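Accompanying notes for the structure given below.
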2 protein chains.
Amino acid sequence: MHSQLTHASLALSTDLVIYTARLVRSLRRNIDAPAGVRVLSLLDEHGPLGVTQLAKLDRCSQPTMSAAVANLAEAGLVAKDPSPVDARSSVVSLTHEGSNVLATQRDAWATAITERLRAHNRTQEDLATAVSVLRDLLEPDPMSGANRGTRPERI
Amino acid sequence: MHSQLTHASLALSTDLVIYTARLVRSLRRNIDAPAGVRVLSLLDEHGPLGVTQLAKLDRCSQPTMSAAVANLAEAGLVAKDPSPVDARSSVVSLTHEGSNVLATQRDAWATAITERLRAHNRTQEDLATAVSVLRDLLEPDPMSGANRGTRPERI
DNA sequence: ACGCGATGCATAGGGAGACTATGTATTGAT
DNA sequence: ATCAATACATAGTCTCCCTATGCATCGCGT
């Protein structure tokens with residue numbers, strides 16, 4: 001009935017999905033608000049961007065990004081100015097405060113993660129591998145196609 | 001001002017947080033409803049459990065687990081019976097259908113993940129490493145302590 | 001046997017984060 | 001000058017999670 005994947009494959013994939021979900025929840029619980037920081041991080045990496053560009057880079061819908069940017073702007077972490085070359089578009093850029101918040105948050109995450117991994121005798125190389133695996137999984141167009149044909153019931 | 005973590009550490013940690021968030025979102029978008037499957041998976045692994053036990057294992061609050069179990073029960077994927085030895089408690093167990101849904105979902109995830117990793121020349125060992133890293137990060141009490149003293153502003 | 005803190009769960013209320021559908025204003029190309 | 005395409009905003013809704021409470025039951029000490 002089911003495909004002939006190895007037991008290990010099934011277990012590892014399931015664990016990956018479950019652990020990532022728990023990790024994300026855990027991060028949210030500590031009010032580390034990853035959603036906003038993702039945007040700050042994108043701006044830091046790419047420089048000023050429009051809302052739609054940000055949405056594409058973060059792989060979310062445009063309305064979701066609009067809301068995220070609005071929140072960040074209200075908090076003073078980004079500036080949202082009209083584009084000088086396109087009246088429809090806006091240019092979102094990091095403010096000093098946004099930059100500081102990003103740095104602080106990055107530091108907090110890195111500290112916690114580094115500490116934890118060391119406590120488990122995990123190397124930075126292991127972390128790099130994990131990040132690469134996650135990046136590869138997100139690459140094409142995330143998990144679409146996972147349900148092709150066999151769409152499982154909604155849980 | 002900030003701690004003396006290496007640039008690599010900062011970048012990797014940030015990427016881990018960001019990628020896991022995107023992956024979870026991507027999984028949700030495909031209506032793979034990880035939340036319910038996590039419960040099914042726990043029941044499959046540990047056998048029948050009470051609501052509070054499930055909540056502890058999944059590291060969520062008891063009310064959250066109550067709601068999850070209620071949904072699953074309504075969908076017929078789990079059975080919720082009163083405990084024979086403790087009138088306060090209930091016993092949640094997998095139904096045949098729940099077991100099938102779990103297997104189907106696991107299979108879908110494993111297929112998608114395996115395929116993607118192979119496309120990027122990533123080995124199963126890499127996947128195992130990633131899973132281990134995530135597990136280690138979740139171990140003590142997730143990310144608590146990340147904000148000790150320096151609690152960053154909410155984004 | 002009784003009282004009471006501890007335990008197991010349900011309910012109420014609310015918030016973050018996402019999505020789809022849709023509307024509006026510009027742009028750019030015909 | 002039109003008109004499809006593009007950039008955003010808004011409305012409405014969903015899932016998942018949390019805290020704060022309330023309630024019934026258990027089990028222990030006296």
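So that the names make sense, note that chain A is the first sequence line, chain B the second, and so on, each numbered from 1. Since this is a predicted model, take the numbers as computed values, not measurements.
Protein atom CG of Asn30(A) is 15 Å distant from nucleotide atom P of dC17(D), rounded to whole Å. Counting to the nearest Å, the P atom of dC9(C) and the CE atom of Met65(B) are 11 Å from each other. Separating the CZ atom of Arg59(A) from the C1' atom of dC19(C) is a distance of 17 Å, rounded to the nearest angstrom. Rounded to an integer number of Å, the gap from Arg28(B) CZ to dA16(C) P is 15 Å. If you take CZ of Arg38(A) and C1' of dG17(C), they are 9 Å apart, rounded to a whole angstrom. With rounding to whole Å, Gln62(B) atom CD is found 11 Å from dC18(D) atom C1'. Regarding Leu72(A), its CG atom lies at a distance of 13 Å from the C1' atom of dA16(C), rounded to whole Å. Look at CZ on Arg22(B): it is 10 Å from P on dA18(C), rounded to the nearest Å.
In this structure, Lys56(B) and Ala67(B) both approach DNA chain C, and ranking their closest nucleotides by distance from the 5' end singles out Lys56(B). Summary of the strand contacts: Ser61(B) and Val51(A) both lie near DNA chain D, and taking for each the nucleotide with the nearest heavy atom, the more 5' one is attributed to Val51(A). When each of Pro34(A) and Lys80(B) is assigned the nucleotide of DNA chain C with its nearest heavy atom, Lys80(B) is the one assigned upstream, toward the 5' end.
Close to dC9(C), at under 4.0 Å from its OP1 or OP2, lies a side-chain N or O of Ser90(B). Proximity of Ser66(B) to the phosphate of dC9(C): no side-chain N or O atom is located under 4.0 Å from OP1 or OP2. Within the structure, a side-chain polar atom (N or O) of Ser89(A) is placed less than 4.0 Å from OP1 or OP2 of dC8(D). Regarding contacts with the backbone of dC18(D), a side-chain N or O of Thr64(B) is found under 4.0 angstrom from either OP1 or OP2. In terms of phosphate contacts, Arg29(A) brings no side-chain nitrogen or oxygen within less than 4.0 Å of OP1 or OP2 of dG15(C). At dC17(D), one or more side-chain N or O atoms of Arg25(A) fall inside 4.0 Å of OP1 or OP2 (strictly under the cut-off).
Under the side-chain contact (heavy atoms from CB on, under 4.5 Å) criterion, Ala79(B) pairs with Asp81(B), Ser93(B), Thr95(B), sequence neighbours left out.
When only modelled atom types and interatomic distance are considered, Ser66(B) and Gln62(B) share a side-chain donor-acceptor pair under 3.5 Å. Side chain to side chain, Thr111(A) and Glu115(A) fail the donor-acceptor criterion of an N or O pair below 3.5 Å.
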Interface polar pairs with nucleotides 27-30 of chain C, N/O, under 3.5 angstrom:
from, atom 1, to, atom 2, distance (Å)
dT27(C), OP1, Ala87(A), N, 3.1
dT27(C), O4', Arg88(A), NH2, 3.4

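A distance of 10.0 Å separates CG of Leu102(A) from CG of Leu42(A), quoted to the nearest 0.5 Å. The CG atom of Leu54(B) sits 11.5 Å away from the CZ atom of Arg38(B) when rounded to the nearest 0.5 Å. Separating the CZ atom in Arg135(B) from the CZ atom in Arg22(A) is a distance of 10.5 Å, to the nearest 0.5 Å. Within the model, atoms OG of Ser41(A) and CG of Asp15(B) stand 7.0 Å from one another, a figure rounded to the nearest 0.5 Å.
The shortest distance between side-chain heavy atoms of His46(B) and Gln53(B) does not fall below 4.5 Å.
Side-chain proximity of Pro63(B) to the nucleotides dA20(D), dG17(C), dA9(D) is greatest for dA20(D).
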